[in-house]
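Worksheet for the structure shown next.
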Amino acid sequence: VFKRFGAAAVLALGLQALTSASALAAPAIIPAPLSVTPAPGRYALQSGAAIVYAKNDPQSPLVAQRLQALFADAVGVRLEIREGAPRPGDIALAKAEAGDLGTEGYTLRVSPDGVTIAASAPEGLLYGGVTLWQLATQTPGARGPVPIDAVLIRDKPRFAWRGLLLDSARHYQSPAYIRRFIDWMALHKLNVLHWHLTDDQAWRLEIKKYPKLTQVGAWRVPAGEAPAKDIDPQTGEPRLYGGFYTQDEVRALVAYASERGITIVPEIDVPGHASAAVVAYPELAATDSPPKAVPSDWGVYPNLFNVEERTLAFLEDVLAEVVSLFPGHYVHLGGDEAIKDQWKASARVQARMRELGVTDEEKLQGWYMARLERFLNARDRALIGWDEILEGGVAPSATVMSWRGTEGAIEAARNGHDTVLTPAPDLYFDHRQSAHDGAPGRVKVISLESVYRFEPMPAVLTPDQRRHVLGVQANLWTEHMRSEERVTYQAYPRVAALAEVGWSERRDWDDFKARLKPQLARYQRLGIGYAEHALDGLYGPAPRPAADQRFDHELKLCSEDIALSLIDDAPLRGERATFTMDIMGPCWRWDDADLTGVKALEVDVGQVPFNFQIGKDIEKVRFAKARTAEGELEVRAGSCEAAPFASIPLALAARDPGVTTLTVPMPAALSGRQALCFSFAQPRLEPLWGLDRVKLVRGGS
Ligand code: ACM
């Protein structure tokens, strides 16, 4: 399906949903604060007032500048910034004792003669200011002077870790975008940006001592025939996709995030997800025949780092630079999906295991992580890793990020590890947001409501074990997010639900839905191109497909083993189709097509590369046997087990790298409501054929 995501379209659609927000009784604040106590009277937020901070307070001016910019943009109010004592009408930033509100908590007092935000630290002041911004934007489109009902708000977060993972390895985002991403996180009181910087498909962090990591490792030829034919005139070779972050850029982003209460936790993934690194420096590889070019498949590659002393020294050199760039407490060392085939097959690795007295490959990974953890601990840093690190045995000081469900968090907390919940699929934002959404990504729907209802605290934990649950994080893996707009689309509005899960003590879905409306208006003001589809069925009936047409994502998939919506590799420039399918056996059903009077079907088909590392499962991919050189589209009626009533050769479509419309004549005998079933007979795995749209063509039209 062709998707249009123009900002203008997003804006136009969104505005319809946003009437009557001003009729809400309690102020619409996301995430919901701890306590809100109304008070008599009103304050008028207007130009000429000042944001005032106490003398000798070096950090509040930065907060004041953030708020000044926010209010100017949101409601057109020009606030001054002043040091000293507040005057009537001013917004005072006041220092408070940490007390029971901690460093991120705050009190916000709005009264007819002024506003006071009190907190023990800049984060709390910023969050109080964000809440004031929400109070000032209850009515979409309001411009100053803005009346705000007097109120006393006391607030603090439920969890210390409120994170988002941004995968900059699979696709690269510009520093300018990441700054906006950080701005938006701060407006949701999120405080950890987990930055996934290395993977099989790229190494994106400049390391001065090993320049080839980015000179070589940051660049790849995208998958598919179209990119392979896209020759760069400068090199005579296929054009490379990529980019990396210089250390100067990283330092600037770290500082920018810090001014907004956000810690960047870098991830350097070991010992797996190492392909890009071993292409750059083959001596790091655990195999004698490492890949020669940075690969472009998704999934899990077998490439691991080897266990040589000089490889560990290399990784320690890398970590030394990482530690110098990222001042936060945690460094993420990955540890996920390190299938051990190469370690098992390597005589050198096996010899090293015997030298080290390590009895199996899982424990060898434990040894590996422990070695690097000691390096981090000696520099006053802590290791965090994916839940696989529990399998090899890991020191209690390591923090565990639970992604394979919540089991990892439970086991971690029981064994005395701190833990962060980021389970798949619940908090994997590469899933689509509605059954009507054809956006590229994982097909299983993770709705706004399901994110909102996710409970991070496993019920089985004892009070002592619960203290190990640091918080919650959603992950933006970007295999299927080629552009920054797509990252924003997948993130929003689900980030609003995540924010409340991480921050608020109480949750109320209907109340959240009401509070979301002014929040969506804020998104429009900020240029956050959120997914309109996340709202399907929320404030009115869900969209219904046209009677005579189904897009691929509106058809039923016959199976959902690895169900993805995949982006075409062509055309190189301009919009591309997406194809929703189970890559393990592409097959689509239209269960009750009304075939009365239908003379033919128009079926839009196209090809995508089969660029998935799925190990031995590749033998299980199911296709019917092809009769012709390029295969056929097969169409069945009644059931997918019936004999096909049409089998259309793909020879012509195969010449077109984009989408081709095939016409399928309908036998006269087929009439009434019928199930239609579509699949492809393929002579080989590559390319993978997909459906984009099916249309019923009735006689006489
Ligand atoms: C992961 O999704 N591999 C952590």
Side-chain angles (χ1 to χ4, degrees), residues 1-15 17 73 164-188 190 193 195-196 201-202 204 222 227 241-243 245 253 298 428-434 436-443 445-446 448 451 474-498 519-536 551 553 564-580 608 692:
V1 175
F2 288 95
K3 308 292 174 341
R4 300 186 193 279
F5 296 110
V10 170
L11 268 165
L13 278 167
L15 281 172
D73 177 67
L164 269 182
L165 175 146
L166 178 63
D167 171 9
S168 294
R170 272 52 174 269
H171 283 102
Y172 168 89
Q173 305 86 25
S174 66
Y177 176 77
I178 296 174
R179 282 194 290 279
R180 302 215 302 152
F181 191 87
I182 288 168
D183 285 340
W184 301 338
M185 284 179 69
L187 296 178
H188 292 81
L190 298 179
L193 170 55
W195 199 9
H196 187 76
Q201 300 83 2
R204 301 251 183 255
Y241 167 88
Y245 305 101
L253 282 169
W298 314 130
Y428 269 45
F429 285 2
D430 50 348
H431 283 264
R432 65 179 176 157
Q433 310 189 47
S434 146
H436 309 282
D437 189 357
R442 295 182 186 275
V443 164
V445 172
I446 296 297
L448 184 67
V451 173
N475 296 339
L476 286 153
W477 298 108
T478 59
E479 286 93 333
H480 309 289
M481 302 176 209
R482 289 177 59 241
S483 68
E484 294 165 353
E485 289 73 21
R486 298 246 40 101
V487 175
T488 305
Y489 182 96
Q490 292 300 115
Y492 288 88
R494 288 186 290 201
V495 165
L498 174 76
Q519 186 77 354
L520 297 173
R522 293 179 192 116
Y523 291 167
Q524 289 169 16
R525 181 86 217 160
L526 293 161
I528 302 180
Y530 63 87
E532 197 59 40
H533 275 299
L535 313 177
D536 286 345
F551 290 110
H553 64 273
L564 298 169
S565 180
L566 298 167
I567 315 170
D568 204 342
D569 59 316
L572 290 168
R573 272 155 287 280
E575 262 179 308
R576 299 186 189 179
T578 57
F579 303 96
T580 301
V608 287
D692 190 36

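Between the Arg494 side chain and the Phe429 main chain, a donor and an acceptor come within less than 3.5 Å of each other. With hydrogens and angles disregarded, a donor-acceptor distance shorter than 3.5 Å links the side chain of Arg204 to the backbone of Gly243. No side-chain donor-acceptor contact under 3.5 Å links Thr478 to the backbone of Met481. A donor-acceptor pair is defined here as one N or O able to donate and one able to accept, closer than 3.5 Å; such a pair exists between the side chain of Asp437 and the backbone of Ala439.
Using a 4.5 Å cut-off on side-chain heavy atoms (C-beta onward), Leu535 and Tyr530 make contact. Taking the side chain as every heavy atom from C-beta outward, His553 and Arg432 approach each other to under 4.5 Å.
In this structure His188 satisfies the ring-ring contact (aromatic ring centres under 6.0 Å, His included) test together with Tyr492, Tyr523, sequence neighbours excluded. Partners of Arg179 under the side-chain contact (heavy atoms from CB on, under 4.5 Å) rule, at least two apart in sequence or in another chain, are Pro175, Ala176, Leu253, Tyr256. In this view, His533 satisfies the ring-ring contact (aromatic ring centres under 6.0 Å, His included) rule with no residue, not counting sequence neighbours. Residues meeting the side-chain contact (heavy atoms from CB on, under 4.5 Å) test with Arg522, sequence neighbours left out: Trp133, Gln134, Thr137, Gln138, Pro518, Gln519. Scanning for side-chain contact (heavy atoms from CB on, under 4.5 Å) contacts around Ala491 gives Leu476, Val495, with sequence neighbours left out. Residues forming a side-chain contact (heavy atoms from CB on, under 4.5 Å) with Arg442 (at least two apart in sequence, or on another chain): Asp430, His431, Leu564.
Scanning both residues, Pro440 and Ile567, for their nearest heavy atoms gives CB-CG1, 3.5 Å. Across all non-hydrogen atoms, the minimal contact from Ala169 to Ala202 is O-CB, 3.4 Å. Across all non-hydrogen atoms, the minimal contact from Ile178 to Gln173 is CD1-O, 3.8 Å. Minimum interatomic distance between Ser565 and Gly438 (heavy atoms only, all atoms of both residues): OG-O, 3.3 Å. Residues Asp569 and Val608 come closest through the heavy atom pair OD1-CA, 4.4 Å. In terms of heavy-atom proximity, Asp167 sits nearest to Glu479 at OD2-OE1, 4.2 Å.
The six-membered or imidazole ring of Tyr172 lies away from that of Tyr241, with a centre-to-centre distance of 6.0 Å or more.
Ring-plane geometry between Phe181 and Tyr177 is classed as tilted, the angle between the planes lying from 30 to 60 degrees on a 0 to 90 degree scale.
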TODO: Check step by step if side-chain contact (heavy atoms from CB on, under 4.5 Å) holds for Gln490 and His480.
DONE: CA-CA 10 Å; Gln490 292 300 115; His480 309 289; over 6 Å; no

Task: Steps toward side-chain contact (heavy atoms from CB on, under 4.5 Å) verdict (Arg170, His196) - done: CA-CA 9 Å; Arg170 272 52 174 269; His196 187 76; 4.3 Å; yes

Open item on the list: Using side-chain contact (heavy atoms from CB on, under 4.5 Å), reason through Gln433 and Tyr489 one step at a time and then give a plain yes or no.
Closed with: CA-CA 10 Å; Gln433 310 189 47; Tyr489 182 96; 4.3 Å; yes

- [ ] Let me see the working for Ile446 and Tyr428 under side-chain contact (heavy atoms from CB on, under 4.5 Å), right down to the final yes or no.
- [x] CA-CA 8 Å; Ile446 296 297; Tyr428 269 45; over 6 Å; no

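Separating the CG atom in Leu448 from the OG atom in Ser434 is a distance of 11.0 Å, to the nearest 0.5 Å. To the nearest 0.5 angstrom, Asn475 atom CG is 10.5 Å from Leu166 atom CG. For the atom pair CG of Asp183 and CZ of Arg180, the computed distance is 8.5 Å after rounding to the nearest 0.5 Å.
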